[in-house]
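Below is one structure, written out as structure tokens; the observations come after it.
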Number of protein chains: 2
Amino acid sequence: MTAKTKEIQILETGELLFNKYGVRRVTVEEICQTAGVSKMTFYKYFPNKVDLAKCIIQNLTDDAEQRFNKTMRLAIPFTEKVHLIIEQKIEDNERIGEEFYGDLTGSVPELLNFLQGIGRQAYKRMLDIFKEAQEKGDIRKEIPMEFILYSLNSILDKINDPQLAGIFKDRKEMIKIMVENFFFGIAEKHTDA
Amino acid sequence: MTAKTKEIQILETGELLFNKYGVRRVTVEEICQTAGVSKMTFYKYFPNKVDLAKCIIQNLTDDAEQRFNKTMRLAIPFTEKVHLIIEQKIEDNERIGEEFYGDLTGSVPELLNFLQGIGRQAYKRMLDIFKEAQEKGDIRKEIPMEFILYSLNSILDKINDPQLAGIFKDRKEMIKIMVENFFFGIAEKHTDA
DNA sequence: GTATTGTGTACTATATTCGTATATAATTTA
DNA sequence: TAAATTATATACGAATATAGTACACAATAC
């Protein structure tokens with residue numbers, strides 16, 4: 001039927017189940033049964049459940065990075081680019097279900113560090129892009145890069161703040177608002193680049 | 001804040017979590033924490049988790065029955081009534097989430113019997129209504145009531161058939177098609193009653 | 001053939017969950 | 001206020017579920 005390797009079957013099944021129920025509520029055996037794979041095969045490819053989750057997140061992140069780079073290389077005005085990036089960020093977040101994400105920060109604390117690590121990498125990439133944009137004149141020159149740095153960190157932290165989560169109807173809405181506010185609050189007004 | 005009793009808080013929390021994750025994946029302690037209730041209080045009102053699930057289903061069923069009776073007492077044509085009933089049935093099904101329902105028939109077999117019992121009660125009520133409808137001329141007289149009985153049973157059985165589940169995109173779609181087919185396949189054609 | 005890859009079962013150790021006991025706090029009622 | 005009711009928090013043993021491994025065997029690829 002499917003010419004997929006067992007490893008890919010496990011990865012796809014994991015993504016499906018984790019998105020639906022979160023990491024905590026899903027067992028290794030359940031993944032195996034759903035994927036049509038024996039437990040031994042699972043442990044051949046992944047040391048444990050949390051590592052599978054990490055692997056899935058890593059794949060999703062790599063995908064997101066590729067799309068991000070692709071968009072950044074486009075020869076379009078900066079503001080337009082930012083719009084595309086925001087839309088992509090929202091799409092990216094939709095690919096990790098609310099339950100999956102909830103477990104990352106809550107019941108499986110090990111994954112929180114992992115995710116924060118990934119966040120920091122993304123943060124560095126963004127910083128380079130902002131520096132470049134500032135040199136090009138897309139971001140106001142008088143804003144210290146340290147402030148942008150601080151603001152970005154602030155956003156990354158707040159994403160996991162339960163108090164803030166209560167203000168918005170869901171996480172996606174929160175991210176949308178925050179990212180839009182961040183970008184367009186610092187963007188130099190200009191109609192074309 | 002909420003003037004709700006602890007028992008109602010537990011019931012509402014249970015409905016919420018069971019609908020989202022199914023009975024199997026939710027623990028008693030989780031219900032208690034989410035409901036803001038101690039475990040002792042839980043066991044004061046409910047002997048165990050499965051019994052809570054039963055209670056929730058019973059409540060939903062009672063609600064559905066009330067709405068059903070209300071609709072049946074309306075002075076409108078039979079076909080119109082059937083349309084309303086179908087819509088209600090679909091709404092009823094939407095109130096029990098896919099995951100909740102899945103656990104009822106799968107991992108928590110005790111609940112299957114319970115649900116089938118409820119199904120049989122509903123079945124008796126329906127039968128009376130069909131008899132009345134047949135006398136009134138809303139259903140073709142030449143159809144033996146035994147066949148209607150058989151067809152109804154057949155539908156109730158098939159709802160839990162995993163093979164059939166694969167044919168439709170989801171359970172709701174399946175029920176909609178089956179109920180519509182059942183009703184309008186036996187309905188006497190007439191423009192008004 | 002013979003590697004390779006995968007399966008199925010059984011098994012132990014560990015972790016989770018259940019349900020209860022107990023002592024204490026908060027609230028209601030008389 | 002005193003007594004009764006209701007809820008909580010913690011701890012606990014028992015039952016259950018899950019993790020991860022060992023082993024013997026089957027299917028498939030080369």
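None of the values given here were measured: they were computed from a predicted structure. Chain A is the first sequence line, chain B the second, and so forth, proteins listed ahead of strands; every chain is numbered from 1.
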* Taking for each residue the nucleotide of DNA chain C with the nearest heavy atom, is it B:P47 or A:K44 whose nucleotide lies nearer the 5' end? -> A:K44
* Rounded distance (Å) that lies between atom C1' of D:dG20 and atom CE of A:M40 -> 9 Å
Can you tabulate the close N/O pairs, meaning under 3.5 Å, that link protein atoms to atoms of nucleotides 27-30 of chain D?
none

* Structure fact -> Closest heavy-atom pair, B:C55 versus B:F46, reported as atoms and distance to 0.1 Å, is SG-CE2, 4.0 Å
* **Contact boundaries on DNA chain C for chain A, cut-off under 4.0 Å to non-hydrogen atoms** => C:dT5 to C:dG8
* With sequence neighbours left out, what residues match A:E29 under side-chain hydrogen bond (donor to acceptor under 3.5 Å, both in side chains)? -> A:K39
* Should A:E15 and A:R95 count as an ion pair when the cut-off is N to O under 4.0 Å? -> yes
* Are A:L16 and A:F100 in one and the same hydrophobic cluster, where Ile, Leu, Val, Met, Phe, Trp and Tyr link if side-chain heavy atoms are under 4.5 Å apart? -> no
* Verdict with reasoning, B:T61 to B:I57, per side-chain contact (heavy atoms from CB on, under 4.5 Å) -> CA-CA 6 Å; B:T61 307; B:I57 294 171; 3.8 Å; yes
* Asked: Does A:N19 reach the main-chain N or O of A:E99 with its side chain, forming a donor-acceptor pair under 3.5 Å?
  -> no
* When the distance from NZ of B:K6 to C1' of D:dT6 is rounded to whole Å, what number comes out? -> 10 Å
* Hydrophobic cluster identity match, B:I139 and B:M72, side-chain contacts under 4.5 Å -> yes
* Got a second to check how far B:E12's CD is from B:Q9's CD, nearest 0.5 Å? -> 7.5 Å
* To do: Would you kindly give the OH-to-C1' distance between B:Y43 and D:dC12, to the nearest whole Å?
  => 14 Å
* May I ask you to say whether B:R25 pairs ionically with A:E30, meaning some side-chain N is under 4.0 Å from a carboxylate O? => yes
* **Whichever of A:K39 and A:Y45 has its nearest DNA chain C nucleotide further upstream toward 5'** => A:Y45
* Starting from the C-alpha separation in whole Å, work towards a yes-or-no answer on side-chain hydrogen bond (donor to acceptor under 3.5 Å, both in side chains) for B:D62 and B:Q66. => CA-CA 6 Å; B:D62 291 349; B:Q66 272 192 300; over 6 Å; no
* Asked: In terms of side-chain geometry, is the basic nitrogen of A:E132 or A:K136 positioned less than 4.0 Å from the acidic oxygen of its partner?
  -> yes
* Can any side-chain N or O of A:K49 pair as donor or acceptor with the backbone N or O of A:V26 at less than 3.5 Å? -> yes
* Structure fact -> Here the residues of residues 29-36 of chain B within 4.0 Å heavy-atom distance, strictly under, of DNA chain D are B:G36
* Asked: Can you check whether B:V37's main-chain N or O pairs, donor with acceptor, with B:T41's side chain at less than 3.5 Å?
  -> no
* Asked: Closest approach of A:G14 and A:I56, non-hydrogen atoms and distance?
  -> C-CD1, 3.6 Å
Within the sub-3.5 Å range, which N or O atoms of nucleotides 13-17 of chain D have a protein N or O partner, and how far apart are they?
none

* Asked: What bend angle does the helix from C:dG1-D:dC30 to C:dA30-D:dT1 show across its length, from five-pair end axes and to the nearest 10 degrees?
  -> 40°
* **Single-linkage hydrophobic cluster, 4.5 Å side-chain cutoff, A:M40 and A:I10 together** => no
